[in-house]
Trainee: 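Input: one structure, supplied below.
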There are 2 protein chains.
Amino acid sequence: MVPAVWKSCTIALFLLLLFGDTPVRGQSPVALNVMPLPAQFELGSGSLKIDGGFTYAFAGFRDARLERAGQGFLATLSEQTGIVFGHSPADPAKTALLITTDHDSKPVQELGEDESYTLEVSSSGAKLHAATTLGTLHGLATFLQLVSVSADGFAATAVSIQDQPRFPWRGLMIDVARHFIPLKVIERNLDGLEAVKMNVFHWHLSDNEGFRVESKKFPKLQEFGSDGQFYTQEEIREVLAYARDRGIRVVPEFDMPGHSTAWFVGYPEYASGSGPYQLERKWGVFDPAMDPTNEKTYKFLNEFLGEMAKLFPDQYLHIGGDEVNGKEWDANPKIQEFMKAHNIKDNVALQAYFSQRVQEIVVKHGKTPIGWDEILVPGVSNNIVIHSWRGTEALATAAKQGYRGILSNGYYIDLGWSAARHYEVDPMGGAAANLTREEKERILGGEATMWSEYVNWENIDSRVWPRTAAIAERYWSPQNTTDIASMYLRMEAESTRLAWLGLTHRSYQRPMVLRMAGSAPAAQVEALLEIAEALEPVKDYNREATPGEEPTSLKPLNRMVDAVHPESEVSRQFSLSVDQFVAGSCKNPALAAALRARLTKWAAIDGQVQPLAQNSILVKDAAAASAAFSQAAEIALTAVDRIAEGLPLPDALKKQQTDALAAFETEAHKSTLTIPSLAAFQKLVDASGTGGACSAAK
Amino acid sequence: MVPAVWKSCTIALFLLLLFGDTPVRGQSPVALNVMPLPAQFELGSGSLKIDGGFTYAFAGFRDARLERAGQGFLATLSEQTGIVFGHSPADPAKTALLITTDHDSKPVQELGEDESYTLEVSSSGAKLHAATTLGTLHGLATFLQLVSVSADGFAATAVSIQDQPRFPWRGLMIDVARHFIPLKVIERNLDGLEAVKMNVFHWHLSDNEGFRVESKKFPKLQEFGSDGQFYTQEEIREVLAYARDRGIRVVPEFDMPGHSTAWFVGYPEYASGSGPYQLERKWGVFDPAMDPTNEKTYKFLNEFLGEMAKLFPDQYLHIGGDEVNGKEWDANPKIQEFMKAHNIKDNVALQAYFSQRVQEIVVKHGKTPIGWDEILVPGVSNNIVIHSWRGTEALATAAKQGYRGILSNGYYIDLGWSAARHYEVDPMGGAAANLTREEKERILGGEATMWSEYVNWENIDSRVWPRTAAIAERYWSPQNTTDIASMYLRMEAESTRLAWLGLTHRSYQRPMVLRMAGSAPAAQVEALLEIAEALEPVKDYNREATPGEEPTSLKPLNRMVDAVHPESEVSRQFSLSVDQFVAGSCKNPALAAALRARLTKWAAIDGQVQPLAQNSILVKDAAAASAAFSQAAEIALTAVDRIAEGLPLPDALKKQQTDALAAFETEAHKSTLTIPSLAAFQKLVDASGTGGACSAAK
């Protein structure tokens, strides 16, 4: 076996077979088209043919869950390949894939169970072996990734894999409060998590904008707190079973004492203000907070959390705890009186008091509390888990104090960052790198967080996928798995496979663009589709900071900013080509021609988009970005010509163009969009300033 | 009110607003973007704003079905627009859309019920009125089609509509025997039927390749006849309810005495041969047929049809009756003896005897038999309905004899014809045009037929839609609604709307192409996507006639022929541009440039596809067509240049190129594909022969 530092492997022939002329695209090759990359693997020779005669069989432990896993595996393999497989499970002695599981995983999936598996694939057959069902599920996911089409038909790469996760807590959080996310969307995202071996679905079920769970004890929670958009307990049990079948724990979150306006619409008596309360339609930190000084609050929480502790079987229960501004506490004389009487010196201490009480309730109901950074206060029990939105510094500090933690800072997928940027964040990075071995073991993993201010049923998949696959690799694969080019190649391949699971991260865009275009002529529609592929939403929290934007949860998400990919693959490819070009390939006429063709197209887009912006309110919003983009592309096009011809750009003109490019980005922001190719455009301008490599070579 | 002969309308301003520069594309404008076009309409001024405050309310009759219809209407409107609507139904006095229904439709939907409605939309509000719930459903479908995006937001066109169908029987048949079609695919196709006002779903439930219904009385039918792929009675009841909610009758078909091999796998005793029988994997006319001389056959059919008559509430029950080759009858001495004894002179007479007996059983169970042409034999009861695969001649003959009939000849959507070709077929055309008024009334309508030899869950939507929308218009709209250009414009708009219902007729293609491409570089994938958009499957029954093809129901449908659209919109647009160009617009530099750009792209495709064909077995199959297509495009490109420059093509060269183009089509057929732009290429060659209009103008 070779370690997974495959960068140095000499497997040129294999790569050639796999990727044809890919290296022209300026990316490094991949050894194994699997994501997350296994802990250890060794490539074999040949491959295992996959045709209509392919079969699998179980040996060792087997139960209904494994049967379903087998059927699901075959159904996905059928979608991936288009092949119709036979319906009867095969004879273990003669099967193509023999699946041996030693024993079942725990009845309620636990943190830190054995998830390892080995998978041996050769031209004569495949063997999957795992200690528990969890490992079997992961091995099946890997097998699906090994299957690709070749000149002879479909086949699974011959390989020997020994695999296990780096971190035991690998999660995705979905906020269903700001925008309600329907059950079927949740379920297909669980399919996605299974495919990339994530094992935690953190369900952010309540916030100021909505309370999304049916409580039978306190029905006014959902009746008044959800606009009718909530999950019934029956639906939740469906999701729990669905997740268990996929090796995924479900951790529910009830955020308190802040982020809780939605609770108070039905039950204002537990708030610190005088009410009445209405659902928030905007987002941010609001004043309403639970009353920590009212014993009835704890009585209510005891009953409510008791109900939820029964509904959700997982050991962990997330109690939120973030972002309390304390204004309602300051304004309430009774609370102030209580604080004085109990020697509680400030709001931080008051929240610590509340947090302590709630944690006791959670523990009483047999659960382990997890909460955001704020719950870590002096003296709090070591049993809790810290969920860090603050960062590795906070996490490391907690670990030193004996607290376990998971990291989400750096994995906020709502911020529109590139996959590479998330990929570079490591739960064991920063201050955590200097921890002792024992302290390091307290860092359990991380969670990608899908806050839902700007996502709904229609575009959420595109914000989660494929970037979450890269984050999943960070949590699963060895720490030295860091090659960005390899990550992107494998992520794009995984993206294609994820589409077979019904995820809409690729298919969502075209209908949204057609909606924007209305009955526009084909050329205008095509231009709009080009824009949608090439631009990105503004990053971080710049959308709500844009003048004219007044985001609320009722405002339609039907504009260009909602339709563009968080990371434009077209622009990424373009930027790679530019890097090649300015690095000395400017004499490559095919490359120059490809850049020219792309830039010519981009430069022409705005001529089509502006008339459309006159006819559609949804396009109007993107008009500023469209104009800026086409003009910027025009500058880049001129630069390509100069570089190819070795004509240096005069300094004054260079400065003018540099300023212009910067101004175009500002223009694009007016449309709440960014131009991700702008850095590449600037590189072209910079290179044309020197006359470029072609000039030097002359 | 003006009649629907809208071609002569002078509504230039309206069109300009609606379609921008569309006329450049060489198509005639449309008066109202609705399909099927209403019987009568008059455009108003302005439009009704559709924003988050839009509401509807019911007046008159109301029940749970109407409530569901209202909710479904609003959900679709929300998908179309991206707008979040309020959740409470509005006050009738203040609502934007007031829906008045006089009374419910029949408890079991009947042939010929009142389906009319009126819809008045003005800038101040809309009123929908219908005699029955069926009309209300149609009116809501129309309203959804009136909504489009404008510079001010979404709005419904102001219009006054009086609408009713031309024919009472407007159907789609889906064959679920050759390939099983899952329930959810059936249901989304019912959504599509509702959108275009079709009212019959004809469910072809049994054939040689599969028996797809659970029989509780004869469970071996599905156990042995379906590979486990059948609908339970509970699932069927779900579909029946789903269809009823959408104003659609469900007519089940049990094809007999031929096309029945699947029955005999479990029950060989009712066959005319000695068995044992296995499911057919190929298609065509096979020997197995029921034994018409065995009384037990009728006892069995009596019990079975009795069970099905209870399961399916519709008045009509389809008994098939087509294509019996009689070989098993000829070979069975007992049957020959019976024929002699009963003076049955030939197999036609024997089938007539069988048919008569089965019809009696159907009638006994309270149903009206419908069957293919073959059931019309001298002396058969006038109560039956003839379903004609033979054509209008047969239908007219039947009508003269007093039989009612529906037409499917000309509506075989499995044959890959253009929408225009189906659109030109009229149930009242051909011999039917000369019938008396009374005879004409016996022609009830028609059905598009989706035979499933080459469709499965993945591509069936693309074979049904959008072309079935054009057929739906033929059945619904006045006979003089025949403008092809208008039809295409409205069909494409409807195609976009149909995608919001979850139909995959547009989104299916990209995943299939990515599957074919495997890990190929982006340029190769793009070329393959271009091919997929530009080519079409071979037409009629030429696929199975292609050397090397051995189609069976187990063979994957994962090649290019399965992924291309039956009618390429890209090629159709290209052909329209060529028509413009050769008709005298060759001096239009933008048009010439657009043609050149398109042809240059097409000519370059094969350079990308051939390397891919080396690496993927799925692409290999398309290599011949790819090469032919690019070479043909190269010829057309040269022709464009010659025409633009006014350089006449020498006759010898012209002949050479004409021959080459014909040969390329033959080449493409080797890939079971056709090049739909070939006629346009030939037009360019022909025009370049004369030097074209540009030459003449010089």
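Residue numbers start from 1 in every chain, and the chains themselves are labelled A, B, ... in the order their sequence lines are given, proteins ahead of strands.
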Trainee: For the interface with chain B, which of Ser553(A), Pro556(A), Ser150(A), Ser78(A) has the highest count of heavy-atom pairs at distances below 4.5 Å?
Mentor: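 Looking at each option in turn, the highest pair count goes to Ser150(A).
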Trainee: Would you find a donor on one side and an acceptor on the other, under 3.5 Å apart, between the side chain of Asn459(B) and the backbone of Ser462(B)?
Mentor: no
Trainee: Please rank Arg559(B), Glu79(B), Glu458(B) by heavy-atom pairs under 4.5 Å with chain A and give me the top one.
Mentor: Glu79(B)
Trainee: Main chain of Pro466(A), side chain of Glu494(A): is a donor-acceptor contact present, judged purely on distance under 3.5 Å?
Mentor: no
Trainee: Between Pro511(A), Ala493(A), Ala613(A), which residue shows the highest count of heavy-atom pairs closer than 4.5 Å to chain B?
Mentor: Pro511(A)
Trainee: Give, as side chain, backbone, both or neither, the part of Ile83(B) having an atom under 4.5 angstrom from any heavy atom of chain A.
Mentor: both
Trainee: Can you tell which of Asn456(B), Val149(B), Leu612(B), Leu514(B) has the highest number of heavy-atom pairs within less than 4.5 Å of chain A?
Mentor: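 The residue among Asn456(B), Val149(B), Leu612(B), Leu514(B) with the greatest pair count is Val149(B).
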Trainee: Side chain, backbone, both or neither: which part of Gln614(B) has an atom under 4.5 Å from a heavy atom of chain A?
Mentor: backbone
Trainee: Looking at Asp227(B) and Arg281(B), does any basic side-chain N land under 4.0 Å from a carboxylate oxygen?
Mentor: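 Answer for the salt bridge query: yes.
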Trainee: Nearest 0.5 Å, please: how far is OG in Ser616(A) from CZ in Arg515(A)?
Mentor: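 Interatomic distance, Arg515(A) CZ to Ser616(A) OG, rounded to 0.5 Å: 11.0 Å.
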Trainee: For chain B, find which of Ala594(A), Ser507(A), Gly153(A), Gly52(A) contributes the most heavy-atom pairs closer than 4.5 angstrom.
Mentor: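 Ranked by heavy-atom pairs under 4.5 Å with chain B, first place is Gly153(A).
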Trainee: Only one of Glu492(A), Glu569(A), Glu533(A) clears salt bridge (charged side-chain N to carboxylate O under 4.0 Å, His left out) with Arg506(A); which?
Mentor: Glu492(A)
Trainee: Locate the shortest heavy-atom distance separating Ala563(B) from Tyr508(B); write the atom from each residue and the value.
Mentor: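 Smallest interatomic distance, heavy atoms only, reads O-OH, 2.8 Å.
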Trainee: What option among Leu557(A), Asp51(A), Leu618(A) has the most heavy-atom pairs under 4.5 Å with chain B?
Mentor: Leu618(A)
Trainee: Measure distances from Arg497(A) to the heavy atoms of chain B and classify the residue's part below 4.5 Å as side chain, backbone, both or neither.
Mentor: neither
Trainee: Return yes if some donor-acceptor pair links the side-chain N/O of Gln610(B) with the main-chain N/O of Ala623(B) below 3.5 Å, else return no.
Mentor: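 Checked: pair present.
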Trainee: Mind ranking Thr81(A), Leu554(A), Thr496(A) by heavy-atom pairs under 4.5 Å with chain B and telling me who comes out on top?
Mentor: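 Among Thr81(A), Leu554(A), Thr496(A), the one with the most close pairs to chain B is Thr81(A).
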